[in-house]
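As structure tokens, the structure follows; a few thoughts come after it.
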Amino acid sequence: MDVSKVVSFSRNFAVLVKVEGPDPKGLKMRKHAFHQYHSGNATLSASGILFPRNILTGEAAAKVLFEAGQDMALVLTVASVVEPFLTLGHRTSSSISQDPVKLIPGARIEIMVEGQLKSGKEAPFWVPAQLLSLVDVPLSSAALQSLIEASSGSKDSGWDVGWSLVSAANGSQPSTNIEHYSKPLMQLDEPLNANFMAKSATRMALLGVPLSLLGQPNMNFASSSSKGDTLVALGSPFGILSPVNFFNSVSTGSIANCYPSGSLKKSLMIADVRCLPGMEGAPVFDKNGHLIGILIRPLRQKNSGVEIQLVVPWGAITTACSHLLLEEPSEAGKASQWGSEALNVKSDTRIPAQVAIERAMESVCLITVNDGVWASGIILNEHGLILTNAHLLEPWRYGKGGVYGEGNNAGLKPYVLGADEFSSTGGKFWEQKSQTLPRKAPANLYSSVGENIREYKHNFLQTGHRDIRVRLCHLDSWTWCTANVVYICKEQLDIALLQLEYVPGKLQPIAANFSSPPLGTTAHVVGHGLFGPRCGLSPSICSGVVAKVVHAKRRLNTQSISQEFAEFPAMLETTAAVHPGGSGGAVLNSSGDMIGLVTSNARHGAGTVIPHLNFSIPCAVLAPIFKFAEDMQNIKLLHTLDQPSEELSSIWALMPSLSPKTEQSLPNLPKLLKDGNNRQKKGSQFAKFIAETQDMFVKPTKLSRDVIPSKL
């Protein structure tokens, strides 16, 4: 894929939309992350797309444009940029009226377009625009409402729509002309319900622009889009603050998930792409330069500030604007020299990496405990052995008193990624959707692990863990199965094994790569982050690179007095986004092989999660588990993971390895690390910092039930 060619082509359609109008009380910007204010006037901006002629329906579009004025072009943007400047009747209405929408007196709209669209112009230039209509997108609105409502009962995952880059200011009248950050999302007197938020977020605005498009190329649309597909967004973050610097900035990423899951006709897409305020309304293209959809404001988790980027697919927009826009471009437009031939790519090719990753995603499952907490898991063999994290089953060992409890509120610390789901999860998600008859796990498996299962069953009955269920993606359907605990690591590794009681047909075990992944190579994280079982989503995929591999040393021969050591990867760090609920997910390479087990991401002391700084256990460390999974007969293989390791303990406590001399001065280092009461001041500077701030780490105030505590 040559991104530069896609970007060059996309610049013909991406525009910056600016709306300015009187705002004597400084209230127009209350829903927006940035604005300009000067002499009683407020200015807002967003991104937009300039439509070529080949996607207009003909007579209906011609009628609209003729009424607006001759030689008019159509621009689509998000309604949120113009809504503050509508007349009172349209601004307070919860639905689109049939009457023409009107701006308040003194308000005006302009768009900035690339200079190449006008002869004699090289630099971008401004063109006046007029508001033609507002358009609701019912398919996308219903999908977003469903996602919000599915998480509405979650104790840790309330959602808002809007950017998190705002201050606690209440949007009062500014006193300078410098940009301000003001109260986001809905006004205090507006109904904060899922239906209102979803409609507001997906609503679009159609603008008419006096611009000739005779020289503009035609546009093609993406015929189908799948998880993992590349996307390119062209928008103008903070556009009005400095158009020269921010106009038509590029952001690339991929499709993380689609809603509804498994449907060919997408209503909403979740994008794994880095975006900033002002990019809402930006056109999103695939690797062939074909239009996928329009970027809108993100879904934002209240307690963590995590933003989930959303894309309204083109098909959903054309369904809402069928009288104006074509779902497929005109035949004349399809053969354009600006189509896929100009980009030198084939429009329907599927690279082997995508196929391999999709196959590996079938090995990632969703796990719930007591119908409440959920996390991810990985299928290790056809007999139903599942790998996940120990903190899902024994959270109190990782700084969590039960499902909730006390956590850290200072410093940079690992962050447990288990998530909490509303206790009533909805019957339809517990039903087996597959018609394949389940089979019981082979009896000979229980001869080796049966004692472990009975022991853990007894212990969990004592602590309230009565019900562990696993949702499998099997034969394009979901099947829920009961599982038992086989093994929980007793030492520093955050790993556990589950065994399905019944195996529904043939499973797809994960393939592992035990080598140390090279730095900078692509890493894909697959798991059920943020969205639990009630949301009805299959696993999401987020991509990044291997940022760091932390190595440890092990003795080559433990039976010998020889001091020969070999290095092995002990921790992986990636730049892929990892969110709560992603615990136990898989880190994949471009071949679809598992290279690590997701355990945690990081957060600032104030509680802000850092999704793109995360930690995984490399497969090299998990080799005994994969060996055990081959026939599940030699339980002693797992005991090797229960051996204490001071070096591994220090690595996973985010403390550097200590020199032999320092290790001698701290003989009880593993215990000190686990207790969290280490008051030693020896060791590295970072170790001293950790030690000096332990009082803040281990004696925090009680967290509310809306906050997931820290792992350490």
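Given the structure is predicted, the values throughout are model-derived calculations rather than measurements. Basis for what follows: all heavy atoms, side chains included, without hydrogens, waters or symmetry-related copies.
Side-chain atoms of Asn513 and Ser515 include a donor-acceptor pair closer than 3.5 Å. Checking Ser376 against His528 by side-chain atom types alone, no donor-acceptor pair falls below 3.5 Å.
Legend: residues meeting side chain to side chain contact (heavy atoms under 4.5 Å, CB included) with Ala360, ordered by chain and number and at least two apart, are Ile510, Leu588.
Between the side chain of Gln643 and the backbone N or O of Leu641 there is no donor-acceptor pair closer than 3.5 Å. Although no hydrogens or angles enter the test, the distance criterion places a donor-acceptor pair under 3.5 Å between the side chain of Trp652 and the main chain of Ala570. Counting only distance, with no hydrogens or angles, the side chain of Gln499 and the backbone of Ala483 share no donor-acceptor pair below 3.5 Å. Checking side-chain atoms of Asp593 against main-chain N and O of Ala512 turns up no donor-acceptor pair under 3.5 Å. Under a 3.5 Å cut-off, the side chain of Gln492 and the backbone N or O of Ala653 do not form any donor-acceptor pair.
Separating the OG1 atom in Thr479 from the CZ atom in Arg469 is a distance of 13.5 Å, to the nearest 0.5 Å. Within the model, atoms CD1 of Ile488 and CG of Asp494 stand 10.0 Å from one another, a figure rounded to the nearest 0.5 Å. Of the inter-residue distances, the one linking Leu637 atom CG with Ile625 atom CD1 reads 10.5 Å to the nearest 0.5 angstrom. To the nearest 0.5 Å, atom CD1 of residue Ile595 and atom NE2 of residue His524 are 9.0 Å apart. The distance from atom CD of Glu646 to atom CD1 of Ile651, rounded to the nearest 0.5 Å, is 12.0 Å. Going from atom SG of Cys481 over to atom OH of Tyr502 covers 11.0 Å, rounded to the nearest 0.5 Å.
The closest side-chain heavy-atom distance from Ile308 to Gln301 is not below 4.5 Å. In this structure, Arg471 and Cys365 have side chains that are not in contact, with every pair of non-hydrogen atoms separated by 4.5 Å or more. Contact of the Asp272 side chain with the Ser254 side chain is registered, since non-hydrogen atoms from C-beta on lie closer than 4.5 Å. Residues Ser226 and Glu358 have side chains in contact (heavy-atom distance under 4.5 Å, counting atoms from C-beta outward). Side-chain contact between Cys473 and Ser538: absent, with no pair of heavy atoms (C-beta onward) separated by less than 4.5 Å. Taking the side chain as every heavy atom from C-beta outward, Trp374 and Leu366 approach each other to under 4.5 Å. Counting heavy atoms from C-beta on, the side chains of Phe626 and Met594 come closer than 4.5 Å. Here the side chains of Leu392 and Val373 are in contact, with some heavy-atom distance below 4.5 Å.
Salt bridge absent: Lys227 and Asp229 never bring a charged side-chain N and a carboxylate O closer than 4.0 Å.
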>> Using the rule given for side chain to side chain contact (heavy atoms under 4.5 Å, CB included), can you reason through Ile468 versus Thr368, listing the C-alpha separation, both sets of side-chain angles and the distance that settles it, and then say yes or no?
In response: CA-CA 6 Å; Ile468 301 174; Thr368 67; over 6 Å; no
>> Evaluate Asn601 against Ile610 for side chain to side chain contact (heavy atoms under 4.5 Å, CB included), listing each step before the verdict.
In response: CA-CA 7 Å; Asn601 58 19; Ile610 312 174; over 6 Å; no
>> Test side chain to side chain contact (heavy atoms under 4.5 Å, CB included) on Val587 and Leu597; report intermediate values, then the result.
In response: CA-CA 6 Å; Val587 184; Leu597 173 73; over 6 Å; no
> So Val545 and Thr521, side chain to side chain contact (heavy atoms under 4.5 Å, CB included) or not? Walk me through it.
Replying inline: CA-CA 5 Å; Val545 299; Thr521 54; over 6 Å; no
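Gly596 and Cys619 get closest at one heavy-atom pair: N-SG, 3.8 Å. Across Pro569 and Pro618, no two heavy atoms sit closer than the pair O-CG, 3.4 Å. Residues Thr522 and Ser590 approach most closely at CB-OG, 3.5 Å, considering heavy atoms. The two residues Gly377 and Ile367 make their nearest non-hydrogen contact at CA-CD1, 3.8 Å. Summarising the geometry of Met361 relative to Pro539, their closest heavy-atom pair is CE-O, 3.3 Å, with the distance given to 0.1 Å. The shortest heavy-atom contact between Ala577 and His579 is CB-NE2, 3.9 Å.
The salt bridge (Lys or Arg N to Asp or Glu O under 4.0 Å) analysis of residues 619-629, with sequence neighbours excluded, yields the pairs Lys627-Glu630. Applying the side-chain hydrogen bond (donor to acceptor under 3.5 Å, both in side chains) definition to pairs two or more places apart or across chains, those involving residues 565-575 are Thr574-Asn614.
Here the two rings, on Tyr487 and Phe628, have centers that are 6.0 Å apart or farther. Two rings, from Phe531 and Trp159, have their centers less than 6.0 Å apart.
The side-chain contact (heavy atoms from CB on, under 4.5 Å) with Ile379 is formed by just one residue from the set Val503, Leu472, Leu385; it is Leu472. Looking at Asn381, Leu507, Val486, Leu498 one by one, the single match for side-chain contact (heavy atoms from CB on, under 4.5 Å) with Ile386 turns out to be Leu498.
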